[in-house]
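All values reported here derive from a predicted model rather than from experimental measurement. Numbering starts at 1 and runs along the sequence shown.
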Amino acid sequence: METFIFSFIRSFIIFGRNLAGIFNSPYVTYRKLSHEKTYLSQTVFIPLLIFLYFAFVSTLRSGIKNPFLLTIKFNTLIFFSILGFVMMLAVFVVGGKLLNIKTQIERLYLLWIYSLVPTLVWFFTTSILYLILPPPRTMTFLGKLYSTVFITFSVAVFLWKMILYYLTLRFSLKIDLWKISQISTLVIPCVIIYSFIMYKLGIFRIPFL
């Protein structure tokens, strides 16, 4: 029991340090993650946060008065988010093989799962704002100010996500910008198709990737 507690605390500290790192200095943090001996146990906190978010948003959409619909909604979100995550890893591996690059799955998994942090930040923020300022929103000065701030925030988080995407491929596959661009020609169509299917099924309006 003491060993488990010690391991949990150590993993949490490592996770917290890397979480701050990918926000303050993502390049240095990702380079360290790709070179140093890392503990995959630190990544368990990201799925826990994802489960927490999906429980929150499922309750928000379905309500707690209907446990059956709540369970279906929660399980659906979890399943398709895992599917999207695995799809991205698979596309990275296939892209690496097409370029004759040896891929270390553990390193790829570690770097890519940390790239879900910007995704979580955006989804959590938008869901909380939905509660605070539910639509429809007016075209008053405050309404326009809110829209401007929200768009600016969304662009900033998107750029953060793209930086982590680049660093994931840069350090997990050890490739340059040109080869990252080549792999991206495979990634982009897959993301578009996945996003279209999720939108048509009414699961995600914005893909959880």
Spatial distance of atom CG (Leu77) from atom CD1 (Ile203) [nearest 0.5 Å] = 7.5 Å

message = Distance check, rounded to the nearest 0.5 Å: Leu83 atom CG versus Ile78 atom CD1?
response = 12.5 Å

task = Quick one: pull up CG in Leu169 and CD1 in Ile101 and give me the separation to the nearest 0.5 Å.
result = 9.0 Å

inquiry  = Apply side chain to side chain contact (heavy atoms under 4.5 Å, CB included) to residues Leu120 and Ile50 and explain how you reach the verdict.
reply    = CA-CA 7 Å; Leu120 271 169; Ile50 293 173; 3.8 Å; yes

query = Do Tyr165 and Ser115 have a side chain donor and acceptor closer than 3.5 Å?
reply = no

key: Straight-line distance of Phe92 CZ to Ile180 CD1, nearest 0.5 Å   = 10.0 Å

task = Mind checking the CH2-CG spacing from Trp112 to Leu89? Nearest 0.5 Å is all I need.
result = 8.5 Å

query = For Lys161 and Thr119, does a side-chain donor sit closer than 3.5 Å to a side-chain acceptor?
reply = yes

task = Could you tell me which non-hydrogen atom of Val157 sits nearest to which non-hydrogen atom of Pro118, and how far apart they are?
result = CG1-O, 3.3 Å

query = Should Ser11 and Val44 count as side-chain neighbours, where that means a heavy-atom distance under 4.5 Å?
reply = no

message = Is any side-chain heavy atom of Arg17 closer than 4.5 Å to one of Gln42?
response = no

request  = Indicate yes or no: at least one non-hydrogen side-chain atom of Phe45 is less than 4.5 angstrom from one of Leu19.
outcome  = no

Atom pairs and distances, donor-acceptor, side-chain atoms in residues 190-200, under 3.5 Å, two or more places apart:
from: Tyr194; atom 1: OH; to: Phe80; atom 2: O; distance (Å): 2.7
from: Ser195; atom 1: OG; to: Val191; atom 2: O; distance (Å): 2.7

key: Spatial distance of atom CG (Leu111) from atom CD (Gln104) [nearest 0.5 Å]   = 10.5 Å

query = So, for Ile175 and Lys179, which heavy atoms are closest and what is the spacing to 0.1 Å?
reply = CB-CB, 3.8 Å

task = Group every Ile, Leu, Val, Met, Phe, Trp and Tyr by side-chain heavy-atom contacts under 4.5 Å, then state whether Leu98 and Ile188 land in the same group.
result = no

message = Parallel, tilted or perpendicular, judged at 30° and 60°: which one describes the rings of Phe171 and His35?
response = perpendicular

request  = Considering non-hydrogen atoms only, spot the tightest contact between Thr148 and Thr152 and give its length.
outcome  = O-OG1, 2.8 Å

message = Tell me the closest heavy-atom pair linking Ile46 and Ile113, and the distance in Å.
response = CD1-O, 3.4 Å

query = Stepwise, does the side chain to side chain contact (heavy atoms under 4.5 Å, CB included) test hold for Arg31 with Leu167?
reply = CA-CA 8 Å; Arg31 185 174 183 177; Leu167 293 176; over 6 Å; no

task = Indicate if Trp178 and Ile183 have the same hydrophobic cluster label, given that clusters are the connected sets of ILVMFWY residues with side-chain heavy-atom separations under 4.5 angstrom.
result = no

message = If only side-chain N and O atoms count, and only distance matters, is there a donor-acceptor pair under 3.5 Å linking Tyr109 with Thr43?
response = yes

key: Phe74 and Val57, any side-chain heavy atoms less than 4.5 Å apart   = no

ask   = Parallel under 30°, tilted from 30 to 60°, perpendicular over 60°: which one fits the rings of Phe204 and Phe208?
value = parallel

query = Among the clusters formed by ILVMFWY side chains lying less than 4.5 Å apart, do Leu159 and Val28 turn up in the same one?
reply = no

query = With a 4.5 Å heavy-atom cut-off, do Met88 and Leu209 have their side chains touching?
reply = yes

query = Any side-chain heavy-atom pair from Leu99 and Leu173 closer than 4.5 angstrom?
reply = no

note = Closest heavy-atom pair, Ile163 versus Pro26, reported as atoms and distance to 0.1 Å, is CG2-CG, 4.2 Å

request  = Answer with yes or no whether the side chains of Ser154 and Trp122 bring together a donor and an acceptor at under 3.5 Å.
outcome  = yes

ask   = Quick one: are Ser172 and Thr103 in side-chain contact, heavy atoms under 4.5 Å?
value = no

message = If I compare all heavy atoms of Leu164 with all of Tyr114, which pair ends up nearest, and what's the gap?
response = CD1-O, 3.9 Å

query = Under 6.0 Å between the ring centres of Phe124 and Tyr53?
reply = yes

query = Hey, any chance Ile22 and Phe12 share a hydrophobic cluster, counting ILVMFWY side chains that come within less than 4.5 Å of each other, even indirectly?
reply = yes

query = Could you walk me through whether Trp160 and Val117 pass the side chain to side chain contact (heavy atoms under 4.5 Å, CB included) check?
reply = CA-CA 10 Å; Trp160 183 19; Val117 172; 4.0 Å; yes

